[in-house]
Amino acid sequence: NFHAEGQENDLFRFADSLKNIGQFQFAAIEYERVFFYSEDVSSRAAALIQKAECLKATGTFYLAEKCLIRINYFGLTDSLAYQARNQTALCAYLAGHFINAESQLLQMSASGGIKDSLLIIQSIPLYVLVLNEEKKWNEAKEKLHDWVTFLKLPMVTKDSLIKSIERVYEEKNQPKLKKQGTAKILSSIVPGTGQIYAG
């Protein structure tokens, strides 16, 4: 009967060494081994986070997201839960799965989520990027306002940032999106006009 903690440390050490020399695919396999052999929920979560880092390094963001979804949050510290949720949201964002990314970010502040509000504030810039992709301009603007409020900056700087945010999110500055249906109709009448309409 082996000493579980010692074995976990050895497994992490080998996986970490592979990651440090850029052997990301082999490191990902070793982190999966750590996950398999670990009984501690924090070690299992940490192994999946590190595996996702390796998958991110190879550009396979959807696989990194899929890996992180396996994390069991029961019993995790706020710090580790934040790291896991934020990484899952980031990987979902990079994979173009914006609804999944928003869901992860929402779960940070949901009932039973992360209690440390300072950790949640750190996720706002990513949240804004996700909301922009979903064309939720007003929500993105409100999130940025919240973020500026928590920044430790002089009031003059904060006021300047708020004005800049207001300017960026003015209706006239929001992207004017073309209607897919209109483009189809135009293309069916005169081939090529749908592409011209869409720019």
K.L.:
Can you name the side chain to side chain contact (heavy atoms under 4.5 Å, CB included) partners of Glu32, sequence neighbours left out?
P.N.:
Phe35, Leu48, Lys51, Arg70

K.L.:
For Ala27, enumerate each residue passing the side chain to side chain contact (heavy atoms under 4.5 Å, CB included) test, keeping only those at least two apart in sequence or located in another chain.
P.N.:
Leu18, Lys19, Tyr31, Cys54

K.L.:
Taking the six-membered ring of Tyr127, is NZ or CZ of Lys143 closer than 6.0 Å to its centre and within 45° of its axis?
P.N.:
yes

K.L.:
Run the salt bridge (charged side-chain N to carboxylate O under 4.0 Å, His left out) test against Lys158 and tell me which residues pass, sequence neighbours left out.
P.N.:
none

K.L.:
Linking I/L/V/M/F/W/Y whenever their side-chain heavy atoms sit closer than 4.5 Å, directly or via other members, would Val156 and Leu144 fall into one cluster?
P.N.:
no

K.L.:
Partners of Glu134 by salt bridge (charged side-chain N to carboxylate O under 4.0 Å, His left out), sequence neighbours excluded?
P.N.:
Lys136

K.L.:
Who pairs with Asp78 by side chain to side chain contact (heavy atoms under 4.5 Å, CB included), at least two apart in sequence or on another chain?
P.N.:
Ile114, Lys115, Asp116, Leu119

K.L.:
Determine whether Leu161 and Tyr169 fall in the same hydrophobic cluster, where Ile, Leu, Val, Met, Phe, Trp and Tyr are linked whenever their side-chain heavy atoms lie under 4.5 Å apart.
P.N.:
yes

K.L.:
Donor-acceptor pairs are to be reported for all side-chain atoms of residues 61-69 against protein atoms at under 3.5 Å, with residues two or more places apart or in another chain.
P.N.:
{"from": "Glu65", "atom 1": "OE1", "to": "His97", "atom 2": "ND1", "distance (Å)": "2.6"}
{"from": "Glu65", "atom 1": "OE2", "to": "Asn100", "atom 2": "ND2", "distance (Å)": "2.9"}

K.L.:
Run Tyr82 and Ser79 through side chain to side chain contact (heavy atoms under 4.5 Å, CB included) and show every step you take.
P.N.:
CA-CA 5 Å; Tyr82 164 77; Ser79 176; 5.9 Å; no

K.L.:
In chain order, what residues pass the side chain to side chain contact (heavy atoms under 4.5 Å, CB included) check against Gln25, with sequence neighbours excluded?
P.N.:
Thr58

K.L.:
Linking I/L/V/M/F/W/Y whenever their side-chain heavy atoms sit closer than 4.5 Å, directly or via other members, would Ile71 and Leu106 fall into one cluster?
P.N.:
no

K.L.:
Scan for side chain to side chain donor-acceptor pair (under 3.5 Å) pairs involving residues 145-156, sequence neighbours excluded, and state none if there are none.
P.N.:
His145-Glu166

K.L.:
May I ask whether Ile99 and Leu129 are part of the same hydrophobic cluster, defined by side-chain heavy atoms of I, L, V, M, F, W, Y residues being less than 4.5 angstrom apart, directly or through others?
P.N.:
no

K.L.:
Going by the rule side chain to side chain donor-acceptor pair (under 3.5 Å), which residues pair with Thr157 if we only count those two or more places apart in sequence or in a different chain?
P.N.:
none

K.L.:
Can you give the donor-acceptor pairs under 3.5 Å from side chains of residues 85-93 to other protein atoms, not counting sequence neighbours?
P.N.:
{"from": "Arg85", "atom 1": "NH1", "to": "Gln104", "atom 2": "OE1", "distance (Å)": "2.9"}
{"from": "Arg85", "atom 1": "NH1", "to": "Gln107", "atom 2": "OE1", "distance (Å)": "3.3"}
{"from": "Arg85", "atom 1": "NH2", "to": "Gln107", "atom 2": "OE1", "distance (Å)": "3.3"}
{"from": "Gln87", "atom 1": "OE1", "to": "Lys56", "atom 2": "NZ", "distance (Å)": "2.7"}
{"from": "Thr88", "atom 1": "OG1", "to": "Ala84", "atom 2": "O", "distance (Å)": "2.6"}

